[in-house]
Amino acid sequence: MGGEQSLLYYYQKKVDPSRLTFARELRGLTKKALADKLGKKASAITQFEAGTLGMSFETFSTLVKELEIHPGLLSAENTQLPSADMANCHFRANKRVPQMLRQSARCYALQVLSIYNYLEELGVKFPPITFNQYSGPSLSEQQMEEYAVAVRHGLGLKLGPIQNMAEFLENIGIRIVILDGERRGLDAFAAWISGQPCIMLDKEFASRMPFDYAHEFAHLLLDEDTIPGDLMAERRANRFASAFLMPAASFVQNCPSRYGRAAFIETKLFWRVSIAAALYRAKLLGVMSERSYTNAMINRAKANENIHEPAEFSRPMPTLLAQAMKLVSKITNLKKMSEHLGILQDELEHILLCQNVSQEVLDEMKPEKRTSVVLQFRPLSK
């Protein structure tokens, strides 16, 4: 029996039914879609996932092949996956995003967070949580302005721009997951996962990232018990993000009252926010009139700068995972990680690259290739 088949036989006996659900949702498949791939009925998938029906070796092998997964992903023996119910994940209220894409993004995030768990098992210490959730009465929009400033003060921030929101959030104990290309279109979502505050984010537009970070930070502070997608919660998070990134007392002092492209590029680069966010903040605070704001938006749309903004700054990317991987690069490797996590090595490398781990560090963590030595035979001369 070959090594690959032995591995399949081993893990077939160790299947955790909940992991079957996880693997299917990770790949964005409905029960019927997976059933079609296996030549089964959807009811069989329901039974597999409930643990009321066992899988034959042939079915298990086909499932692993069709889902393109490491068979260890289906076993609870491997590094524990964090848990997060969809009901606790604050996705944006966007009806155009299919539910299966949300499910897939949640599962992808849990896979990334399992890497943090693995690194903690190796002795890595990540920053502790140093912020408190809000537990008072509902806040008005003006009170939200005051609350955002209070949060800044409580975390040691003055009223100037935050140069790197990712670095700031990681330093106060929040774990950031960058969504890969297959899960683009979600923008961002947040959740408390196994007691850990987490923000999941799309990195497509650099200048939108700080506002998205701050918006999701608001959900972590305010909305653990709020129904995800609630329009008032989304509006509240937007107001918090605006006030947190651009405190009124300091923003009004250097924000232009009329739109000029060069002037707002300067504002954008100073405050590390998008021009769209700066314009809206200017209107909200009464620095810019409604008419000036409308004209600015029209002019930007004509120049196609409402989506692709000029003068993009570098993406505020997370670095904690990259630092941790560098720390453990001498005591583990990608092959060992793959086996412990139940993630195919190529897929694991793709995930880590997406999370801002350098190719150089990943290359150091690949088992050294054995080089063949050519021995030349030379007859002894007489």
Side-chain angles (χ1 to χ4, degrees), residues 91-98 101 141 144-145 148 160-166 178-189 199-218 229 231-317:
F91 289 95
R92 306 286 172 87
N94 187 345
K95 293 181 180 179
R96 292 175 298 176
V97 177
L101 182 59
E141 294 211 8
M144 188 62 71
E145 292 275 338
I162 300 172
Q163 293 301 317
N164 188 319
M165 269 297 287
I178 299 297
L179 298 172
D180 67 356
E182 292 179 25
R183 286 118 186 140
R184 289 244 171 99
L186 282 168
D187 291 332
F189 66 101
I199 290 174
M200 285 54 72
L201 195 76
D202 183 349
K203 65 172 183 177
E204 187 173 3
F205 299 108
S207 59
R208 283 181 55 180
M209 290 176 73
F211 196 93
D212 284 340
Y213 279 132
H215 177 104
E216 302 308 326
F217 182 35
L231 293 178
M232 286 304 296
E234 293 300 310
R235 180 174 175 176
R236 185 170 60 223
N238 280 336
R239 187 63 185 254
F240 173 89
S242 187
F244 189 77
L245 293 171
M246 297 164 279
S250 48
F251 184 76
V252 297
Q253 294 178 16
N254 61 12
C255 177
S257 59
R258 292 188 178 183
Y259 178 69
R261 188 175 186 271
F264 267 87
I265 285 177
E266 186 177 340
T267 301
K268 167 183 179 169
L269 297 177
F270 179 77
W271 285 99
R272 312 300 288 182
V273 296
S274 66
I275 291 175
L279 281 167
Y280 186 77
R281 184 67 171 155
K283 184 192 78 163
L284 193 65
L285 296 176
V287 175
M288 179 176 286
S289 68
E290 184 75 40
R291 182 177 179 181
S292 293
Y293 174 78
T294 302
N295 288 338
M297 297 304 287
I298 291 170
N299 290 334
R300 294 182 69 242
K302 285 180 179 177
N304 198 32
E305 291 184 353
N306 55 331
I307 297 175
H308 300 285
E309 290 205 350
E312 287 284 67
F313 44 74
S314 59
R315 290 182 175 88
M317 293 286 285

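The chain is numbered in sequence order, starting from 1.
- Taking CG of Asn238 as the reference point, atom CD of Glu141 lies at 10.0 Å (rounded to 0.5 Å).
- Nearest heavy atoms, Pro316 versus Met165: CB-N, 4.3 Å.
- Counting heavy atoms of neighbouring residues, nucleotides and ligands inside a 6.0 Å radius, atom CD of Glu204 exceeds 12 of them.
- Atoms OH and CZ, from Tyr259 and Arg300 in turn, are 5.5 Å apart once rounded to the nearest 0.5 Å.
- When side chains are defined from C-beta on, Arg183 counts as touching Leu101, because their heavy atoms get closer than 4.5 Å.
- Minimum interatomic distance between Ser242 and Arg281 (heavy atoms only, all atoms of both residues): OG-CD, 2.8 Å.
- The CZ atom of Arg258 lies 9.5 Å from the CZ atom of Arg291; values are rounded to the nearest 0.5 Å.
- The only option from Pro256, Pro310, Ser274 that meets the side-chain contact (heavy atoms from CB on, under 4.5 Å) definition with Phe264 turns out to be Pro256.
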Discussion item. With side-chain contact (heavy atoms from CB on, under 4.5 Å) as the criterion, how do Phe211 and Val273 come out once you've worked through the C-alpha distance, each side chain's angles and the decisive distance to 0.1 Å?
Written reply: CA-CA 7 Å; Phe211 196 93; Val273 296; 5.9 Å; no

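- Taking the six-membered ring for Trp and the full ring otherwise, the centers of His308 and Phe205 sit less than 6.0 Å from each other.
- Separation of atoms CG (Asn306) and CG (Asn299) is listed at 11.5 Å; rounding is to 0.5 Å.
- The line from CD1 of Ile275 to CD of Glu266 is 11.5 Å long, rounded to the nearest 0.5 Å.
- None of Tyr280, Trp271, Phe270, Phe244 except one satisfies the ring pair (Phe, Tyr, Trp, His ring centres under 6.0 Å) rule with Phe251; the exception is Trp271.
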Discussion item. Assess the residue pair Met209 and Leu201 against the criterion (side-chain contact (heavy atoms from CB on, under 4.5 Å)); give the C-alpha distance rounded to whole Å, side-chain angles, the decisive distance to 0.1 Å, and a yes or no.
Written reply: CA-CA 8 Å; Met209 290 176 73; Leu201 195 76; 3.7 Å; yes

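- Between Met200 and Leu179, the closest heavy-atom pair is CB-CD2, 4.2 Å.
- Here Arg208 does not pair with Asp202 in a salt bridge; the nearest charged N to carboxylate O distance is not below 4.0 Å.
- How far OG of Ser292 is from CG of Leu279: 10.0 Å, rounded to the nearest 0.5 Å.
- Within the 4.5 Å cutoff, side-chain heavy atoms of Ser207 are placed close to those of Glu309.
- Considering only residues two or more places apart in sequence or on other chains, Arg315 meets the side chain to side chain donor-acceptor pair (under 3.5 Å) condition with none of them.
- Side-chain contact check for Asn254 versus Thr267: every heavy-atom pair is 4.5 Å or farther apart.
- With a 4.5 Å cut-off on side-chain heavy atoms, His215 and Phe240 do not count as touching.
- Nearest heavy atoms, Asp212 versus Ala188: CB-CB, 4.4 Å.
- Between Leu284 and Arg239, some side-chain heavy-atom pair lies under the 4.5 Å cut-off.
- Of the charged side-chain nitrogens involved, none lies within less than 4.0 Å of a carboxylate oxygen, so that Lys203 and Glu312 do not count as a salt-bridged pair.
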